[in-house]
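Remarks on the structure that follows.
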Amino acid sequence: MSDPMRPPASHPRPQTASPRSDPSRSRAALRTAVVWDVLQDALDRRVKATGRPALDVLDTGGGSGNFAVPVAGLGHRVTVVDPSPNALFALERRAAEAGVADRVRGVQGDAGGLFEVVERGGYDAVLCHGVLEYVDDPAEGVGNAVAALRADGVLSLLAAGLGGAVLARALAGHFTEARQALGDPDGRWGTADPVPRRFTAEQLTGLVEAAGLRIGAVHGVRVFADLVPGVLVDTEPGAMEALLKLEAAAAELAAFHSVATQLHVLGETRGAHEA
Ligand SMILES: C[S@@+](CC[C@H](N)C(=O)[O-])C[C@H]1O[C@@H](n2cnc3c(N)ncnc32)[C@H](O)[C@@H]1O
């Protein structure tokens with residue numbers, strides 16, 4: 001894993017900011033730093049392997065472009081599929097503000113009916129971030145994401161982790177809800193839980209392998225960030241930088257996957273692995 005404070009080569013990482021300059025933007029960067037570093041490394045490897053500086057990237061459930069816009073900032077062409085017209089409108093505005101409107105295309109659609117709106121087998125990389133929690137059929141969602149890849153391609157899958165939610169409920173004193181999430185087939189802590197479904201690392205890697213990819217890497221995301229009182233991070237000099245480095249170090253360790261708020265799985269086609 002690269003230095004978590006290192007800016008990407010050609011574009012600032014999503015929502016990045018000087019950690020001391022704007023606490024809310026810094027916390028946003030904290031939420032995306034691990035995923036961004038893994039994703040950027042994967043895209044860089046695809047660029048080298050294909051010899052094409054501009055890749056075709058699909059962001060299924062890409063929303064308002066948290067990742068799509070910075071990926072376009074790296075020079076890639078990004079298609080965002082999302083069912084929400086509001087999200088697509090925000091995406092358009094954000095892409096224009098970032099000066100990448102010519103490389104970002106928003107399409108209304110959903111992960112289940114992906115090939116009604118995009119080409120099968122047409123993408124070097126597919127992002128599926130924060131979407132599997134909401135789709136009707138996660139196996140179909142992953143299967144479609146994989147079917148959108150070229151023979152040599154990479155899947156970036158991010159989803160809510162079960163253990164992180166259990167830990168967060170317990171540390172907030174909601175012990176019954178924590179136990180409920182632990183035993184619930186969808187990992188929900190109750191009827192008021194806004195997240196319809198959570199996953200273990202084994203469930204996510206199982207979905208990716210069942211869709212025919214090999215697992216390139218698994219990372220735990222937001223292992224500590226959501227548990228640490230914001231005031232500690234915002235007021236202590238150097239705390240944000242230190243926390244980013246801690247998150248990056250813990251992300252790679254399987255021991256922390258079971259308590260991460262989110263899990264990131266990189267899936268690779270055989271061809272992409274051998275390239
Ligand atoms: C938590 S947001 C994540 C947005 C973006 N991927 C990100 O990482 O910032 C979930 C997104 O999934 C979209 N979504 C919900 N159901 C979907 C479905 N069935 N197929 C595709 N996207 C869906 C929502 O509209 C929303 O934009």
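In this chain, residues are counted from 1 in sequence order. As the structure lists them, so they are numbered: ligands from 1, and atoms in each ligand from 1.
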For D82, which residues count as a salt bridge (charged side-chain N to carboxylate O under 4.0 Å, His left out) partner, sequence neighbours excluded?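 Result, salt bridge (charged side-chain N to carboxylate O under 4.0 Å, His left out) vs D82: none returned.
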
When you measure from atom 23 (C) of ligand 1 to every protein heavy atom, which one gives the shortest distance, and what is it?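 The closest heavy atom on the protein side is P83 CD, 3.4 Å.
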
To check your reading of the model: name the closest protein heavy atom to atom 2 (S) of ligand 1, its residue, and the distance in Å.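 Among all protein heavy atoms, the one nearest atom 2 (S) of ligand 1 is G130 O, 4.0 Å.
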
H129 and F67 aromatic ring geometry - parallel, tilted or perpendicular at 30°/60° bounds: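 Rings of F67 and H129: perpendicular, as their planes differ by over 60°.
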
Give me the ring orientation class for H219 and H264: parallel if the planes are under 30° apart, tilted from 30 to 60°, perpendicular past 60°.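 If you compare the ring of H219 with that of H264, the planes turn out tilted.
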
Looking at ligand 1, is there an atom of it that comes within less than 4.0 Å of some heavy atom belonging to G112?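 No, that is not the case, since the closest heavy atom of the residue is not under 4.0 Å from the ligand.
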
Contact atoms of ligand 1, heavy-atom distance to [X] under 4.0 Å:
| X | value |
| --- | --- |
| V135 | 18 (C), 19 (N) |
| N66 | 9 (O) |
| S84 | 25 (O) |
| H129 | 3 (C), 5 (C), 6 (N), 8 (O) |
| V131 | 12 (O), 21 (C), 22 (N), 23 (C) |
| G63 | 27 (O) |

I'd like to know if the side chain of D124 reaches the main chain of D56, judged simply by a donor and an acceptor atom lying under 3.5 Å from each other, with no hydrogens or angles considered.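 Here the side-chain-to-backbone pair exists.
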
[X], any N or O under 3.5 Å of ligand 1 N or O:
| X | value |
| --- | --- |
| D110 | no |
| A111 | yes |
| D59 | no |

Counting only heavy atoms from other residues, nucleotides and ligands, does the tally under 6.0 Å from CZ of F89 exceed 12?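 No, not enclosed.
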
Would you indicate which of G113, G61, G141 comes nearest to atom 4 (C) of ligand 1 when only heavy atoms are counted?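 Heavy atom nearest to atom 4 (C) of ligand 1 belongs to G61.
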
Nearest heavy atom to atom 24 (C) of ligand 1 wins, so pick from D82, N144, T32.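 Comparing heavy atoms across D82, N144, T32, the nearest one to atom 24 (C) of ligand 1 lies in D82.
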
Between A54 and G75, which heavy-atom pair has the shortest distance, and what is it?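 Residues A54 and G75, closest heavy atoms: CB-O, 3.4 Å.
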
Compare every heavy atom of G220 with every heavy atom of A260, then report the nearest pair and how far apart it is.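 Minimum heavy-atom separation between A260 and G220: CB-CA, 3.6 Å.
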
Test side chain to side chain contact (heavy atoms under 4.5 Å, CB included) applied to R197 - qualifying residues, sequence neighbours left out: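 Residues passing side chain to side chain contact (heavy atoms under 4.5 Å, CB included) with R197: V135, P138, D186, F199.
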
Please step through side chain to side chain contact (heavy atoms under 4.5 Å, CB included) for the pair I215 and E209, ending with a clear verdict. CA-CA 7 Å; I215 304 300; E209 285 174 331; 3.6 Å; yes

